[in-house]
Amino acid sequence: MDNLDVYANTQEVIEEALTYLGYDRQMLDLLKEPIRVLTVRFPVRMDDGSVRVFTGYRAQHNDAIGPTKGGIRLHPDVTEEDVKALSIWMSVKCGIAGLPYGGGKGAIVCDPREMSFAEIERLSRAYVRAISQIVGPAKDIPAPDVFSNSQNMAWMLDEYSSIREFDSPGFITGKPLVLGGSRGRERATARGVAICISEAARVRRIKLEDARIIIQGFGNAGSYLAKLMHDLGAKVVGISDAYGALYDEAGLDIDDLLDRRDSFGTVTKAFKNTITNRELLESDCDILVPAAIENQITAENAERIRAAIVVEAANGPTTSRATQILADKGVLVVPDVLANAGGVVVSYFEWVQNNQGLYWAEQEVETRLETVMRTSFKTVYETAERYGIHMRLAAYIVGVKRLAEAVRWRGWV
């Protein structure tokens with residue numbers, strides 16, 4: 001039976017990585033869970049005058065290396081377990097990229113799609129007030145995540161600055177440019193994935209200009225990635241959103257699809273000949289990019305995946321058993337903690353620029369991002385080759401190693 005519990009799966013990989021590194025049970029006991037998880041309950045006045053009480057979370061996995069860092073998710077189905085798993089993933093991402101952070105993650109249980117603009121503003125500000133004592137530029141630095149964006153970050157920055165009584169641009173990343181945001185931040189995740197696709201194609205000797213690519217998910221990362229791949233000459237043969245999928249062996253017109261998206265970013269409802277997301281995953285391609293939600297490739301469908309390379313733009317799209325099945329088939333899986341790290345890398349750049357008061361041109365951001373992502377891929381790939389293991393375990397070995405070393409040097413374990 002495939003285990004779909006992402007938190008339990010994450011803990012299993014952490015344990016396996018620490019075993020390879022030669023650490024004992026004490027290190028696992030410390031790193032398998034966040035050192036701090038805050039649950040908050042806060043009231044928000046709605047437009048009709050009623051008051052709703054919302055639940056929020058902020059998890060800080062480990063701050064041995066430096067302040068924790070991670071997004072704030074607004075979603076009706078998010079749980080404390082999700083937030084804890086995501087905070088661990090952020091630690092691993094930061095470790096792989098060599099950033100001076102531990103992992104953090106936040107969430108509010110809500111559906112912003114059913115709330116007004118003014119209600120979302122009051123929600124954002126109330127959440128910051130509730131968690132203000134444990135966050136800050138040198139403590140824990142939030143960022144956007146699912147259903148949150150630069151506008152949420154601007155409101156949160158303003159609220160935090162009011163509480164602290166001074167301007168704190170380094171408190172949060174993913175901000176609008178005029179409030180200290182970084183150029184290149186909005187497309188950073190997609191650019192990081194694109195660089196990993198390029199590196200994976202190179203090591204598997206697939207010419208990127210001739211590659212057939214399927215991107216499951218056409219949200220922020222997926223749509224930017226489709227455009228990047230299309231402009232590089234690759235043939236994007238499939239895309240999907242929450243309502244279905246499109247597949248065409250001759251290649252899709254990505255510019256037309258981007259133009260036809262509705263206000264929620266979906267496009268497949270405009271077409272009649274759609275297929276399901278599951279059918280899209282099992283369609284023929286060279287490179288498959290899960291860019292939607294978790295647990296999309298499982299033990300049930302892994303054998304039917306026809307791609308030579310899987311690059312995970314989403315968090316947790318492939319289960320542990322499915323990863324092993326794909327590895328046994330010779331499929332190269334570039335894991336989420338490596339592939340989608342572009343967002344946190346450019347968030348780090350934003351924090352650095354805020355601290356310096358010196359802001360970079362977009363070309364400098366992109367050049368620095370490319371250097372970090374290509375170096376990270378090389379390190380993880382070479383670790384996988386050296387140990388004879390799949391890239392997910394190799395990525396955790398690389399990411400956890402820096403954290404464990406920081407813990408040891410501090411004398412915590």
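Arg204 pairs by the side-chain hydrogen bond (donor to acceptor under 3.5 Å, both in side chains) definition with nothing, not counting sequence neighbours. Evaluation of the side-chain hydrogen bond (donor to acceptor under 3.5 Å, both in side chains) rule for Glu385 yields no partner, not counting sequence neighbours.
A donor-acceptor pair shorter than 3.5 Å cannot be found between the side chains of Ser320 and Gln324.
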Derivation of the salt bridge (Lys or Arg N to Asp or Glu O under 4.0 Å) call for Arg392 and Glu312
CA-CA 10 Å; Arg392 187 181 314 284; Glu312 298 181 336; 2.7 Å; yes

Going through the checks in order, is the salt bridge (Lys or Arg N to Asp or Glu O under 4.0 Å) test met by Arg306 and Glu282?
CA-CA 6 Å; Arg306 298 159 71 182; Glu282 298 171 8; over 6 Å; no

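Side-chain contact between Arg212 and Ile287 is absent, with no heavy atoms from C-beta onward closer than 4.5 Å.
With hydrogens and angles ignored, the 3.5 Å screen pairs a side-chain donor or acceptor of Ser240 with a backbone N or O of Gly217. A donor-acceptor pair under 3.5 Å is absent between the side-chain atoms of Thr68 and the main chain of Gly102, judged by distance alone.
Between Glu15 and Arg25, at least one side-chain nitrogen of the basic residue sits less than 4.0 Å from a carboxylate oxygen of the acidic one, meeting the salt-bridge criterion. Note on Arg122 versus Asp47: salt bridge recorded, some NZ/NE/NH1/NH2 to OD/OE distance being below 4.0 Å. A salt bridge between Arg125 and Glu159 is present, with a side-chain N of the basic residue lying under 4.0 Å from a carboxylate O of the acidic one. Between Arg374 and Glu199 there is a salt bridge, since at least one side-chain N of the basic residue sits less than 4.0 Å from a carboxylate O of the acidic one.
Below 30°, between 30° and 60°, or above 60°: for Tyr348 and Trp351 the angle between ring planes is between 30° and 60°, a tilted geometry.
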For a quick test of your reading: what N or O donor-acceptor pairs under 3.5 Å do the side chains of residues 225-239 make, sequence neighbours left out?
residue: Lys227; atom: NZ; partner: Asp231; partner atom: OD1; Å: 3.4
residue: Lys227; atom: NZ; partner: Asp255; partner atom: OD1; Å: 2.6

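In this structure, CG in Leu246 is found 8.0 Å from CD1 in Ile275, a value given to the nearest 0.5 Å. Within the model, atoms CD1 of Ile325 and OG1 of Thr298 stand 8.0 Å from one another, a figure rounded to the nearest 0.5 Å.
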